[in-house]
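Accompanying notes for the structure given below.
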2 protein chains.
Amino acid sequence: MSPLSHRFVMHFGEMGSRWGINRTVGQIYALLFVTERPLHADEIAEQLAFSRSNVSMGLKELDGWRLLRRSYLPGDRREYFAAPDDVWLIFRTLAEERKKREIDPTLTLLRDALLEPSNDPSDGRAQQRMGEMLAMIEMLTGWFEDMRKLDQATLTKLMKLGTGVVRLIEMKDKLVGVRGEQSANDQVPPSPLPGA
Amino acid sequence: MSPLSHRFVMHFGEMGSRWGINRTVGQIYALLFVTERPLHADEIAEQLAFSRSNVSMGLKELDGWRLLRRSYLPGDRREYFAAPDDVWLIFRTLAEERKKREIDPTLTLLRDALLEPSNDPSDGRAQQRMGEMLAMIEMLTGWFEDMRKLDQATLTKLMKLGTGVVRLIEMKDKLVGVRGEQSANDQVPPSPLPGA
DNA sequence: CTGTAATTTCAGGAATTACTGAAATGATAG
DNA sequence: CTATCATTTCAGTAATTCCTGAAATTACAG
């Protein structure tokens with residue numbers, strides 16, 4: 001492995017813990033990401049000096065994140081692995097999976113907990129706060145869902161526009177006359193900071 | 001603690017590991033979040049059945065995330081802790097801190113690594129891929145920075161607009177007349193306009 | 001200062017998570 | 001079916017992270 005690739009792979013290994021994956025998984029993905037051709041498990045194990053079984057578990061984990069492309073070579077029984085070519089696809093998948101793992105369980109808890117009527121009068125404050133949190137998360141996830149539907153070209157255009165989008169909204173408000181509330185299904189949540 | 005609050009606190013404890021904090025820190029923050037008045041460390045330790053020193057370390061950690069409000073009571077030497085009232089402020093802070101911890105180090109690595117000219121010819125592919133990743137992260141963080149500058153009201157409006165924002169952009173393009181400056185990747189193919 | 005209350009630090013043990021080698025399972029060619 | 005190669009599972013160990021009690025430090029009242 002070239003010094004450049006090696007540095008990149010090591011970095012992903014170190015960052016792994018902050019990203020909620022372990023060193024092995026981080027390094028494996030970095031390696032697949034920078035490598036031109038698909039690799040089979042033994043090659044990965046050899047390059048990273050991990051045990052074969054560790055690589056197997058790491059690949060399984062990555063598979064759970066939907067971040068792997070699998071392929072075969074004619075006349076070769078071994079399975080080959082690669083990262084998707086499109087970095088934006090990788091990012092989208094990552095964002096979706098993180099939302100599913102880090103946000104959705106809390107969304108469910110808040111909805112469930114706030115549904116059942118409380119007979120404990122001391123719950124007032126807690127209900128209030130949990131309601132605030134729920135409203136925020138629903139707005140964020142709704143918006144995330146909206147953005148997720150957009151194709152890459154549109155999303156790119158939107159991001160390049162940056163704060164310029166505010167001028168558009170002001171312009172619209174001026175033309176239309178005012179802040180007509182958008183219909184119900186317009187709530188959306190943004191997830192700035194998709195995590196790693 | 002009421003059953004409702006207890007459930008919330010336990011949930012945050014369990015989710016802690018997925019969020020990159022530990023059980024203690026998760027539970028402490030959940031407790032502060034739902035509790036009306038600020039609490040001092042001993043109260044937290046008692047309610048959650050953690051050692052006093054563990055609470056101290058947890059509060060230090062939360063402080064590092066800038067998620068704590070500290071206060072004093074007249075005639076009382078102890079320090080009191082609370083979560084900010086505004087859930088959006090909490091979210092923004094969280095997003096900023098996560099970016100700092102999870103994204104910025106990689107941004108730095110990619111910039112540094114791609115700056116130094118490589119003499120290793122086998123670096124071609126790695127440079128290419130790392131460049132793609134860098135371009136994506138720069139677009140995302142740039143956009144994040146733009147959104148971060150907006151005040152809450154504007155951000156909320158934008159999120160509620162959801163995919164409606166695409167219609168605005170199309171409208172603008174129509175009014176202004178799409179100029180050649182819009183490059184190839186800016187074409188706006190009829191996108192799924194769910195709200196439309 | 002001195003004494004006391006509040007808080008933090010830290011070494012070590014507890015708990016959790018990561019990793020390995022060996023064995024089991026699965027897949028395919030002949 | 002059988003032999004062989006590939007992959008996964010899993011029990012045990014290594015490594016890391018979490019948590020505690022005791023000691024040290026800090027803050028402040030008298």
Side-chain angles (χ1 to χ4, degrees), chain A residues 9-32 37-65 67-82 101-102, chain B residues 9-10 12-32 37-65 68-82 101-102:
Chain A
V9 166
M10 290 300 118
H11 175 81
F12 263 57
E14 284 168 28
M15 293 298 289
S17 56
R18 303 194 192 188
W19 298 335
I21 59 178
N22 62 35
R23 192 175 57 105
T24 312
V25 175
Q27 290 193 14
I28 291 175
Y29 206 68
L31 177 64
L32 295 180
R37 70 186 173 79
L39 301 175
H40 59 74
D42 284 311
E43 287 177 300
I44 298 171
E46 191 202 335
Q47 292 231 39
L48 302 178
F50 292 143
S51 71
R52 179 63 184 75
S53 57
N54 198 8
V55 170
S56 180
M57 289 189 300
L59 289 169
K60 190 181 173 187
E61 168 86 6
L62 286 170
D63 199 53
W65 285 85
L67 288 172
L68 240 40
R69 275 194 317 122
R70 293 156 175 272
S71 58
Y72 288 94
L73 248 48
D76 185 340
R77 286 203 208 168
R78 293 169 300 189
E79 191 166 16
Y80 284 75
F81 301 89
R101 293 157 197 244
E102 301 181 5
Chain B
V9 167
M10 290 301 116
F12 263 57
E14 283 168 30
M15 293 300 288
S17 56
R18 301 195 193 185
W19 297 336
I21 58 178
N22 62 35
R23 192 175 58 102
T24 312
V25 175
Q27 290 193 13
I28 290 174
Y29 206 68
L31 178 63
L32 295 180
R37 71 188 173 78
L39 300 175
H40 59 75
D42 284 312
E43 286 177 301
I44 298 171
E46 191 201 335
Q47 292 231 41
L48 301 177
F50 292 142
S51 72
R52 179 64 184 72
S53 59
N54 197 7
V55 170
S56 179
M57 290 190 300
L59 289 170
K60 189 181 172 185
E61 169 86 6
L62 285 171
D63 199 54
W65 284 85
L68 239 40
R69 275 194 315 124
R70 294 157 175 270
S71 58
Y72 287 94
L73 248 46
D76 185 339
R77 305 231 282 235
R78 293 169 300 190
E79 191 166 18
Y80 285 75
F81 301 89
R101 294 155 197 245
E102 302 181 4

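Below, chain A is the first sequence line, B the second, and so on; all start at residue 1.
- The separation between B:Tyr72 atom OH and D:dT26 atom C1' is 11 Å, rounded to whole Å.
- Considering only side-chain atoms of B:Ala41, the nucleotide from C:dC19, C:dT7, D:dC19 that sits closest is C:dT7.
- B:Glu102 and A:Arg18 get closest at one heavy-atom pair: OE2-O, 3.5 Å.
- In this structure, CD of B:Gln27 is placed 9 Å from P of D:dC19, rounded to the nearest angstrom.
- D:dT7 atom C1' lies 13 Å from atom CG of A:Asp63, rounded to whole Å.
- Side-chain proximity of B:Arg78 to the nucleotides C:dA5, C:dT28, C:dT7 is greatest for C:dT7.
- Atom CD1 in B:Ile44 sits roughly 14 Å away from atom C1' in C:dA6 (whole-Å rounding).
- With D:dC19, C:dA29, C:dT4 as the choices, the nucleotide that has an atom nearest any side-chain atom of A:Arg77 turns out to be C:dA29.
- Side-chain nitrogen and oxygen atoms of A:Asn22 include none within less than 4.0 Å of the OP1 or OP2 phosphate oxygen of C:dT17.
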Apply side-chain contact (heavy atoms from CB on, under 4.5 Å) to the pair B:Gln27 and B:Met10, showing each step before the final yes or no. CA-CA 6 Å; B:Gln27 290 193 13; B:Met10 290 301 116; 3.7 Å; yes

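- To the nearest angstrom, P of D:dT16 lies 22 Å from CZ of B:Arg23.
- Distance A:Leu39 CG to D:dA6 P: 16 Å, rounded to the nearest Å.
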Kindly determine whether A:Val9 and A:Leu48 satisfy side-chain contact (heavy atoms from CB on, under 4.5 Å), including the steps that lead there. CA-CA 9 Å; A:Val9 166; A:Leu48 302 178; 3.7 Å; yes

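- Looking only at side-chain heavy atoms (C-beta outward), B:Arg52 and B:Asn54 stay at 4.5 Å or farther from each other.
- For the residue pair A:Leu32 and A:Phe81, the shortest heavy atom distance occurs at CD2-O, 3.4 Å.
- Backbone-only engagement by B:Thr24 is indicated by non-hydrogen atom pairs under 4.0 Å involving sugar-phosphate atoms exclusively.
- Residues B:Trp19 and B:Phe12 bring their aromatic ring centres within 6.0 Å.
- The shortest side-chain heavy-atom distance between A:Arg23 and A:Val25 does not fall under the 4.5 Å cut-off.
- Sorted by residue number, the members of residues 49-61 of chain B with any non-hydrogen atom under 4.0 Å from DNA chain C read B:Arg52, B:Ser53, B:Ser56, B:Lys60.
- When rounded to the nearest whole Å, the span between CD1 of B:Ile21 and C1' of D:dT17 equals 14 Å.
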